[in-house]
Novice: 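The structure is given below, and queries will be raised subsequently.
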Amino acid sequence: NQNKHLGHHKFTIHYSLSERSGRRSDAKEANAASRPMWPLARRSRKMTRLLFLTQSLSSNPKPISHSHTYYNYSVSRSFHNSISHLSLAFLYPIRSPAIRAFCSKPSSTVGVGSLPSMTEDISYLTQREAAEIDEILMGPLGFSVDQLMELAGLSVATSIAEVYKPSEHNRVLAICGPGNNGGDGLVAARHLHHFGYKPSVCYPKRTAKPLYTGLVTQLESLSVPFISVEDLPLDLSKDFDIIVDAMFGFSFHGSPRPPFDNLIQKLVCINNYDQTHQKSSAIVSIDIPSGWHVEGDGGAEGIKPDMLVSLTAPKLCAKKFFGPHHFLGGRFVPPSIADKYKLRLPPYPGTSMCVRIGRPAQVDISALRENYISPEFLEEQVEADPFDQFRKWFDDVVAAGLREPNAMALSTASKNGKPSSRMVLLKGFDKNGFVWYTNYESRKAHELSENPHASLLFHWDGLNRQVRVEGSVEKVSDEESDQYFHSRPRGSQIGAIVSKQSTVVPGRHVLYDQYKELEEKFFDGSIIPKPKNWGGYRLKPELFEFWQGQKSRLHDRWFLSPL
């Protein structure tokens, strides 16, 4: 580890060696609307790098110990500024595995254009440019309106899922207009249903085209209710947690006519409830808040949505959006369009269909909470042997496809009782205990030599479960360590030799040079000797705690001791 200071700031990077939517303008329809040892399976993988950025104001930072081989080196403030907004993708995790793949998450994937800083360098489209892009997409580029509508609706649904969890914001009302924006709302409602929400649809001026009638049929087949304007409650906040504003898009102009003028006023009333600190629904506008001019705003009496999901690229009116959540959706802009219109858009992370743009909302940490919904974990369901119970839950985690089910927090303490924790990977368990491997000269190893007691914590968020194991710790045999060492990828074996955990190195180039030297030395496939300062530990459990999250903090918790 190398820690350097820039003034009174310390910047540290840890490296691990190891293990839109543009759619065709439909002015005709819009204007019409204005008229109305159980060994664990180990996945072999190439050497990867994990990048994390931390900033500390401490003038005397403590070393940080980790489960793999890390080193730290200083980074300039300009570099920090250039990547600080990458953290936005980390701020709003999705808890449902079914939808996590479509939502923003950390990734090195590069999207359209270079990475802009916050909102200053983001491109904004005029009404003419937005219409031209739609014509190009559905002309020479071969897209169809139903393709773009499907991608747009999915983008909206995943943006909603990024912020509003179905466990807390379950009741959704999609208010859909007669044009393409309304079609986006219908598609979004379908996806929200599959994501675990309970959507309803208000679709007063239905479009008699096969595309739209098909979307209605799809929703009806899912038993999604359609509500007439007359049957809507006076106060939408009493019956709905989220209102999807899908009435008008960028092609709309003029003043809304009945019944949309009244519907817009209902959403304005929700804004007024919010200002008086009463419980109100969250308003999500698709592409443009209904009633706003595409190149202006909605005025003092217009809708003020909590979330805006811009499609293809933000329109000029998005500069007047000051709500907490602004997302971009419509992941289909080809380089030819990006180059022609000089679009600067943030990259979509991973496999996400949406990306947050602008500054993240200020979060009241005290209000962050999850109301867990889980099956009861009754006494008669608990295995008599805690090892059997752990194996049962671990199998459930593997079957659920959760990422790194064997990741665990290892907590140790020095002889003076000073604690430290870090994430490590479980590499095997049986009735004799839980095994992991590390450098015997690391901080955790020194603490275990002074105080051979530790605790392990497995947190399986997707199943609302965690397991805590306490016990004494001992080293595994050299034979066992050697056997596991040579089962690792050869790159990981070399990395273990090069790594000097919890020590200072001049820079990453030193690690690379040493790694390359050893890689060339063992290029012939000869056996790589295990370092003497590397091996395994086994925690012999004295206490198990199995925890299952439940509603209103009435969790299930069972303590078990080995037989």
Novice: Which residues pass the salt bridge (charged side-chain N to carboxylate O under 4.0 Å, His left out) test with E150, not counting sequence neighbours?
Specialist: R190

Novice: Quick one: closest heavy-atom pair of I373 and K551, and the distance?
Specialist: CG1-CE, 4.0 Å

Novice: For salt bridge (Lys or Arg N to Asp or Glu O under 4.0 Å), just list the numbers for K266 and D235, CA-CA rounded to whole Å, side-chain angles, deciding distance to a tenth of an Å, and then say yes or no.
Specialist: CA-CA 8 Å; K266 282 181 176 288; D235 180 5; over 6 Å; no

Novice: Could you pull out all residues at least two apart from R206 that satisfy salt bridge (charged side-chain N to carboxylate O under 4.0 Å, His left out)?
Specialist: none

Novice: Short question: side chain of Q127, backbone of F250 - any donor-acceptor pair under 3.5 Å?
Specialist: yes

Novice: Any donor and acceptor pair, going by atom type alone, linking the side chain of K320 with main-chain N or O of E295 inside 3.5 Å?
Specialist: no

Novice: Any donor and acceptor pair, going by atom type alone, linking the side chain of E135 with main-chain N or O of A130 inside 3.5 Å?
Specialist: no

Novice: Nearest 0.5 Å, what's the CG-NZ distance between L173 and K198?
Specialist: 15.5 Å

Novice: Under the ring-ring contact (aromatic ring centres under 6.0 Å, His included) rule, what pairs show up with a residue in residues 144-163, not counting sequence neighbours?
Specialist: none

Novice: Considering residues at least two apart in sequence or located in another chain, which fulfil the salt bridge (charged side-chain N to carboxylate O under 4.0 Å, His left out) criterion with D339?
Specialist: none

Novice: With sequence neighbours excluded, what pairs up with S374 under the side chain to side chain donor-acceptor pair (under 3.5 Å) test?
Specialist: N464, Q548

Novice: List for me each residue that meets ring pair (Phe, Tyr, Trp, His ring centres under 6.0 Å) alongside H169, sequence neighbours excluded, and say none if there are none.
Specialist: Y164

Novice: Is there a donor-acceptor pair closer than 3.5 Å between any side-chain N or O of S155 and the backbone N or O of M353?
Specialist: yes

Novice: Say whether, by atom type as modelled, one donor and one acceptor occur between the side chain of S352 and the main chain of Y348 under 3.5 angstrom.
Specialist: no

Novice: Using the side chain to side chain contact (heavy atoms under 4.5 Å, CB included) criterion, which residues pair with D146? Sequence neighbours excluded.
Specialist: S144, L211

Novice: Would you say Y203 and V216 make side-chain contact, with heavy atoms under 4.5 Å?
Specialist: yes

Novice: Using modelled atom types and a 3.5 Å cut-off, is there a donor and acceptor pairing between side-chain atoms of D231 and backbone atoms of I227?
Specialist: no

Novice: Using the side chain to side chain donor-acceptor pair (under 3.5 Å) criterion, which residues pair with S285? Sequence neighbours excluded.
Specialist: D245

Novice: Indicate the atoms forming the closest heavy-atom contact of C354 with P349, along with that distance.
Specialist: O-CD, 4.0 Å

Novice: Can you check whether G249's main-chain N or O pairs, donor with acceptor, with D287's side chain at less than 3.5 Å?
Specialist: no

Novice: State, to 0.1 Å, how close G179 and T207 come at their nearest heavy-atom pair, and which atoms those are.
Specialist: N-OG1, 4.5 Å

Novice: How would you list, by chain and number, every residue that makes a ring pair (Phe, Tyr, Trp, His ring centres under 6.0 Å) with F321, sequence neighbours excluded?
Specialist: H326

Novice: Applying side chain to side chain donor-acceptor pair (under 3.5 Å), name anything that partners T217, two or more places apart in sequence or on another chain.
Specialist: none

Novice: Can you list the residues that meet the side chain to side chain contact (heavy atoms under 4.5 Å, CB included) rule with K340, with sequence neighbours excluded?
Specialist: I136

Novice: Ignoring hydrogens and geometry, is there a side-chain-to-backbone donor-acceptor pair from N371 to Q550 under 3.5 Å?
Specialist: no

Novice: Look at the side chain of N181 and the backbone N and O of I286, then say whether any donor-acceptor pair between them is shorter than 3.5 Å.
Specialist: yes

Novice: List the residues meeting ring pair (Phe, Tyr, Trp, His ring centres under 6.0 Å) with Y372, not counting sequence neighbours, and say none if there are none.
Specialist: W547, H555

Novice: Report yes or no: does S123 contribute a side-chain atom to a donor-acceptor pair with the main-chain N or O of R344 at less than 3.5 Å?
Specialist: yes

Novice: Which heavy atom of Y124 sits nearest to which heavy atom of K315, and what is that distance?
Specialist: CD2-O, 3.3 Å

